[in-house]
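Have a look at the structure below, then the notes.
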Amino acid sequence: QVQLMESGGGFVQAGDSLRLSCTASGRYAMGWFRQAPENERQFVAGISWAGGKTYYSASLRGRFTISRDNAEGTVYLDMKNLEPEDTAVYYCAASGSDSSWYPNGMDYWGKGTLVTVSS
């Protein structure tokens with residue numbers, strides 16, 4: 001079985017930066033998703049297994065960067081200039097393909113890490 005574990009969330013102020021990490025193993029494309037209270041889970045960023053292709057939600061406007069270190073089995077999400085609207089539980093997910101980034105297309109999920117951004 002595949003186990004994913006997110007870390008790095010916390011309580012920050014608007015304008016701060018955070019790095020989220022997700023540990024995982026296996027040859028998977030990886031994605032970050034987020035879910036705010038009462039909202040649907042939404043795609044944030046994705047990356048191919050080798051790291052050569054990245055995908056982003058257009059709504060992030062270049063503030064977030066996804067990367068991975070396969071030797072360490074870790075995927076990162078670097079978030080800059082955080083806004084209160086970024087407050088959500090952030091999940092990492094694994095997929096056998098990077099052709100789709102819809103939540104229902106992902107194969108495995110972590111339990112999430114909470115990011116709270118205050119104004």
Side-chain angles (χ1 to χ4, degrees):
Q1 62 183 28
V2 176
Q3 293 185 334
L4 309 178
M5 182 176 295
E6 305 94 338
S7 63
F11 187 91
V12 299
Q13 298 185 64
D16 285 354
S17 299
L18 274 179
R19 165 171 271 200
L20 304 183
S21 300
C22 176
T23 58
S25 62
R27 189 183 179 95
Y28 295 101
M30 298 291 297
W32 286 97
F33 297 75
R34 68 185 184 185
Q35 186 167 14
E38 308 299 328
N39 290 346
E40 296 182 347
R41 191 166 299 185
Q42 297 180 323
F43 171 70
V44 174
I47 188 168
S48 62
W49 177 83
K53 298 180 180 179
T54 56
Y55 311 82
Y56 294 95
S57 168
S59 65
L60 297 179
R61 297 179 293 276
R63 295 185 296 113
F64 292 8
T65 302
I66 188 170
S67 62
R68 70 189 303 166
D69 184 342
N70 287 344
E72 298 293 333
T74 305
V75 179
Y76 302 100
L77 182 68
D78 289 298
M79 305 183 292
K80 298 181 179 179
N81 194 27
L82 286 163
E83 304 171 353
E85 292 75 17
D86 296 319
T87 295
V89 176
Y90 284 72
Y91 300 88
C92 65
S95 174
S97 172
D98 64 353
S99 62
S100 177
W101 296 105
Y102 296 102
N104 61 5
M106 307 303 291
D107 299 315
Y108 304 97
W109 293 88
K111 294 184 177 181
T113 184
L114 177 63
V115 174
T116 302
V117 185
S118 64
S119 61

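Residue numbers run from 1 in the order of the sequence given.
Taken to the nearest 0.5 Å, the OG1 atom of T116 stands 11.0 Å off from the CG atom of L82. How far CE of M79 is from CZ of R19: 11.0 Å, rounded to the nearest 0.5 Å. Interatomic distance, D16 CG to S118 OG, rounded to the nearest 0.5 Å: 8.0 Å. The OG atom of S95 lies 4.5 Å from the CE atom of M106; values are rounded to the nearest 0.5 Å. From Y76, atom OH reaches atom CD1 of I66 across 12.0 Å, with rounding to the nearest 0.5 Å. To the nearest 0.5 Å, atom OH of residue Y91 and atom CG of residue L20 are 13.0 Å apart.
When hydrophobic side chains of Ile, Leu, Val, Met, Phe, Trp and Tyr are connected at separations under 4.5 Å, F11 ends up as a singleton with no cluster partners. Grouped with M5 in a hydrophobic cluster is no other residue, since no side-chain heavy-atom contact under 4.5 Å to another Ile, Leu, Val, Met, Phe, Trp or Tyr is found.
Formation of a donor-acceptor pair under 3.5 Å by the T74 side chain with backbone atoms of E72 is found in this model. Side-chain atoms of R68 never come within 3.5 Å of backbone atoms of G51 as a donor-acceptor pair (strictly under, hydrogens ignored). Between the side chain of T87 and the backbone N or O of V117 there is at least one donor-acceptor pair closer than 3.5 Å. A donor-acceptor contact shorter than 3.5 Å links the side chain of E6 to the backbone of G112.
Heavy atoms only, all atoms of each residue included: S119 and A14 are closest at CA-CB, 4.3 Å. For the pair G52 and S48, the tightest heavy-atom approach, listed with the atom from each and the gap, is N-OG, 3.3 Å. Nearest heavy-atom pair, Y102 versus S100, reported as atom, atom and distance to 0.1 Å: CD1-OG, 3.2 Å. Pairing each heavy atom of Y90 with each of R34, the nearest pair is OH-NH1, 2.9 Å. The two residues D86 and N81 make their nearest non-hydrogen contact at OD2-O, 4.4 Å. Closest of all the heavy-atom pairs between A45 and Y56 is CB-CD2, 3.7 Å.
Put simply, W32 and F43 are part of two different groups of oily side chains (I, L, V, M, F, W, Y) that touch within less than 4.5 Å, one to the next. A single hydrophobic cluster is not seen to contain both V89 and L77; linkage of ILVMFWY side chains at heavy-atom distances under 4.5 Å, directly or through other members, places them apart.
Between W109 and V2, the closest side-chain pair of non-hydrogen atoms is not below 4.5 Å. Under the 4.5 Å side-chain criterion, counting only non-hydrogen atoms from C-beta, M30 is in contact with C22.
For residues 93-117, no pair satisfies salt bridge (charged side-chain N to carboxylate O under 4.0 Å, His left out), with sequence neighbours left out.
For the pair R41 and F33, the cation-pi test (distance below 6.0 Å, angle within 45°) is failed.
Aromatic pair Y28/Y108: centroids less than 6.0 angstrom apart.
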